[in-house]
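Chain A is the first sequence line, chain B the second, and so forth, proteins listed ahead of strands; every chain is numbered from 1.
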Amino acid sequence: MPADARFEDLLAGLDPEQRRAVETTEGPLLVLAGAGSGKTRVLVHRLAYLVGACGIPPEGLLAVTFTNKAAGEMRERVEKLLGPSADGLWVTTFHSACVRILRRDIGHLGWSRGFVIYDEADGLATVKEALRRLDLDPKIHEPRRLRWRIDQWKNAGVLPAAAAAAAHDHEAELAAEVYAGYQRLLAESNALDFGDLILQTVELFERFPEVLAHYRRRWQYLLVDEYQDTNRVQYRLVNQLAGEHRNLCVVGDPDQSIYAWRGADLRNILDFERDYPDAQVVKLERNYRSTQPILDGASAVVANNRARKEKRMFTDRAEGEAIRLYEALDDRDEAQFVVRSILQAVRGEGRSFGECAIFYRTNAQSRPFEEELLKYDVPYVVVGGVRFYERAEVKDALSWLRLLSNLADGMALRRALASPPRGIGKATLERAEELAASRGTTLLEALRALAGEGGRTAAKLGAFLSLVDELAVEVRGLLPADALARVLDRSGILAHFEREGTPEAEARLENLRELLAGAEDFGAVNAGSGADERSAIELFLDQVALVSDLDAWERRAERVSLMTVHSAKGLEFPLVFVVGLEEGVFPHSAASHDAAGIEEERRLCYVGMTRAMERLVLTCAAERRRYGSRSYGVPSRFLREIPPEVVMGFVPGGEDGRPVARGRESRSLDYAFSQDEAAESSTLRPGLRVRHPIFGEGTVLEARGLGDGRKLEIRFDRVGVKTVLLRFANLEPA
DNA sequence: GCTATTGTGTTCGTG
DNA sequence: ACACAATAGC
């Protein structure tokens with residue numbers, strides 16, 4: 001029945017604007033979709049409409065999002081609407097799409113199609129290796145920073161040669177040199193990092209137009225979700241693909257752009273109408289998710305951004321309780337308040353734990369909440385943090401699989417060699433690396449040469465090498481789970497941990513069992529898709545490299561979810577707690593250097609608040625542990641930006657330690673003052689040059705008082721020292 | 001080559 | 001506070 005769905009079915013339940021976004025199928029289209037405006041619904045219906053109503057074959061459509069989770073959800077919903085006629089539709093992430101393209105065509109660029117995908121840790125190790133080869137001291141040239149820099153270059157679409165050409169100082173020159181060396185090492189190992197997946201695809205298309213032509217012919221209609229978070233390379237990729245037919249629909253919300261730090265470029269969405277002058281624009285401003293007070297509060301916060309397209313969200317859900325604000329004594333008190341509120345909602349109001357979510361700015365903040373949840377036996381799940389696939393034992397096991405399917409993978413070889421420890425150490429490895437570098441061979445071949453030399457180490461090396469060779473043969477053609485089981489057994493990894501017998505080793509074994517279970521699931525899901533010429537093991541490794549923690553998260557009815565605000569984007573919960581709203585924490589100090597940084601933090605706050613459907617609880621703490629020592633916090637400026645009418649304040653200190661409601665507008669005064677202090681001390685500090693309309697230019701000597709009573713002592717060049725009331729002085733920076 | 005100790009940086013966020 | 005890396009000592 002769904003297979004021959006008629007138009008009306010595909011447009012049913014959409015409001016007029018949503019309908020326009022679905023029906024405008026030809027040419028460039030920009031959909032500005034505010035938080036909670038039914039964006040996913042529009043995307044799903046648009047895809048279904050193109051296939052079901054316009055008769056576009058599903059192979060002709062490409063829809064790209066940022067997370068596997070979003071892609072999976074979208075695909076599922078399209079399939080529900082279309083049934084089997086959705087087969088062949090690509091709904092995927094940028095990274096997965098590029099991997100699939102590169103697996104087919106990367107040969108043009110000199111990599112082999114069996115390339116591996118390096119993760120963060122592999123990349124870092126590669127930078128260190130590059131430094132070694134260039135004889136640079138990793139103490140002076142921090143590998144992490146260099147890795148970061150290389151990543152930024154890649155996000156911006158800058159290749160090593162261009163980086164070198166643009167370098168204007170010695171440091172930049174060196175960094176560019178490291179970048180070049182890093183890239184050579186990747187090539188030697190037949191590896192790509194995350195940035196390369198996109199960048200090399202763009203390179204491929206640029207240098208080999210016939211390859212691009214193939215994909216252009218195939219994908220006649222493009223759809224890009226979260227367009228505000230695309231970086232420059234992704235932008236180029238999208239434009240390459242849309243180049244001829246121009247059937248490009250991008251969907252996004254500038255107010256939810258929160259990834260500038262990893263290269264996202266807001267120009268991509270802001271300039272869409274310039275890039276495509278004939279673009280149609282649809283604005284989705286009706287919010288179907290949140291109550292009025294929540295929407296008002298969030299809108300008021302984001303309205304403080306200057307670099308912004310004006311947008312007015314509205315909702316029909318005029319009813320709804322006020323936003324709650326709790327000013328905690330410290331992080332413990334904050335956690336206690338949150339967990340008690342959750343218990344109260346579940347026991348007293350018939351809520352479920354799964355309806356509750358706690359959002360924080362940094363992963364490190366999860367600890368006190370976890371402790372408190374454990375104390376009350378509340379089931380919870382932490383999304384993010386240390387990723388499953390980046391745990392040492394999991395990476396060890398996977399590196400064996402990686403090595404066996406690509407013997408050139410130096411990084412995997414290094415790990416496999418050391419797991420379990422087999423008496424071959426740094427000295428041997430260094431010799432092998434030198435040998436490999438001088439002869440231009442792979443690390444494995446260098447090790448083979450060393451094994452031929454004789455001696456005790458050589459014997460151990462020989463044993464290891466024959467194990468690798470044997471396993472490579474044995475594992476061929478096996479399903480991932482079977483291959484993994486064999487590797488764990490034959491490598492001695494299992495025996496190693498079993499021998500240890502410590503609780504820690506037991507936890508590692510448990511993770512390995514979980515990995516095995518994951519591999520089995522993968523086998524079951526992908527058993528049918530044997531058309532691909534790549535082995536199941538390779539497909540499994542691709543998936544493992546590209547899944548995030550969030551992808552594995554599933555809404556479980558009976559678990560509180562804990563995650564960063566970044567991870568929360570795209571999700572919604574009836575009850576939301578945004579915690580740690582203090583200056584330095586949220587907005588985070590490291591992101592507060594300039595106005596653009598603060599504005600991104602503010603958008604992040606907006607994202608967090610707009611996840612809430614019915615109840616939004618915000619908390620801050622006067623004191624918290626950070627880096628192991630105490631620090632004192634001032635409530636976040638974002639709290640002050642929320643209109644008091646939509647807030648109900650709570651403070652600690654009732655008898656029996658319960659929080660006390662302070663009514664709608666009675667946030668504590670000192671709190672309001674410290675707000676001013678935070679905002680003002682950063683802008684008008686001693687030493688700053690200012691201009692006064694009457695007294696002329698001068699230097700700030702001291703700032704006293706708070707809020708409307710704030711006074712500044714200024715030494716004016718012409719008239720000497722004066723004290724002025726900030727409120728009336730009309731100062732501007734000189 | 002392995003292990004215990006000391007030392008360092010970490011916490012801004014992700015695929 | 002804590003994890004991880006570098007170092008020294010065996």
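- Inspection of the A/Y227 and A/D253 side chains reveals no N or O donor paired with an N or O acceptor under 3.5 Å.
- Rounding to whole angstrom units, CG of residue A/N363 and P of B/dT14 are separated by 6 Å.
- Going from atom CD of A/E582 over to atom P of B/dC12 covers 15 Å, rounded to whole Å.
- Centroid-to-centroid, the aromatic rings of A/F66 and A/F94 come within less than 6.0 Å.
- Donor-acceptor pairing under 3.5 Å is lacking for the side chains of A/Y182 and A/R133.
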Please lay out, stage by stage, how A/R104 and A/Y215 fare under the test side-chain contact (heavy atoms from CB on, under 4.5 Å). CA-CA 12 Å; A/R104 182 174 172 271; A/Y215 291 99; 3.2 Å; yes
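- Put simply, CZ on A/R147 is 12 Å from C1' on B/dT14, counting in whole angstrom units.
- Residue A/S589 places none of its side-chain N or O atoms closer than 4.0 Å to OP1 or OP2 of B/dC12.
- Judged by distance alone, the side chains of A/S636 and A/E582 never bring a donor and an acceptor atom under 3.5 Å apart.
- When heavy atoms are screened at a 4.0 angstrom cut-off, A/Q365 is found touching no nucleic acid atom at all.
- Nucleotides of DNA chain B nearest to A/N155 and A/E142 differ in position, and the one nearer the 5' end is that of A/E142.
- A donor-acceptor pair shorter than 3.5 Å can be found between the side chains of A/Y380 and A/E370.
- Contacts between chain A and DNA chain C, taken as any atom within less than 4.0 angstrom of a protein heavy atom, begin and end at C/dA1 to C/dT7.
- Looking at heavy-atom distances under 4.0 Å, A/T428 makes contact with sugar-phosphate atoms alone, never a base.
- For B/dG15, neither phosphate oxygen OP1 nor OP2 lies less than 4.0 angstrom from any side-chain nitrogen or oxygen of A/T67.
- Of the C1' atoms belonging to C/dA5 and B/dC12, the separation is 23 Å, rounded to the nearest Å.
- Atom C1' of nucleotide B/dC2 and atom CZ of A/R422 are separated by 15 Å, given to the nearest angstrom.
- Here B/dT11 presents its P atom at 11 Å from CD of A/E120, a figure rounded to the nearest Å.
- Residue A/H95 has no polar side-chain atom (N or O) positioned under 4.0 Å from OP1 or OP2 of B/dG15.
- When rounded to the nearest whole Å, the span between CZ of A/R367 and C1' of B/dT10 equals 14 Å.
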Can you list the steps and then say if A/Y259 with A/E226 is a side-chain contact (heavy atoms from CB on, under 4.5 Å)? CA-CA 11 Å; A/Y259 285 109; A/E226 307 281 18; over 6 Å; no
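- Atom-to-atom, CD of A/E600 to C1' of B/dT14 comes out at 12 Å; the value is rounded to the nearest Å.
- In terms of position on DNA chain B, the residue among A/K460 and A/R626 whose nearest nucleotide sits closer to the 5' end is A/K460.
- No side-chain donor-acceptor contact under 3.5 Å links A/D331 and A/Q365.
- Nucleotides C/dC4 and B/dG13 place their P atoms 15 Å apart, quoted to the nearest Å.
- Under the stacking definition used here (centres under 5.5 Å, planes under 30°), the residue A/W261 qualifies as stacked on the base of B/dG13.
- As judged by a 4.0 angstrom heavy-atom cut-off over every strand, A/F94 is placed among residues making no nucleic acid contact.
- Spacing between atom CZ of A/R361 and atom P of B/dC12 amounts to 8 Å, rounded to whole angstrom units.
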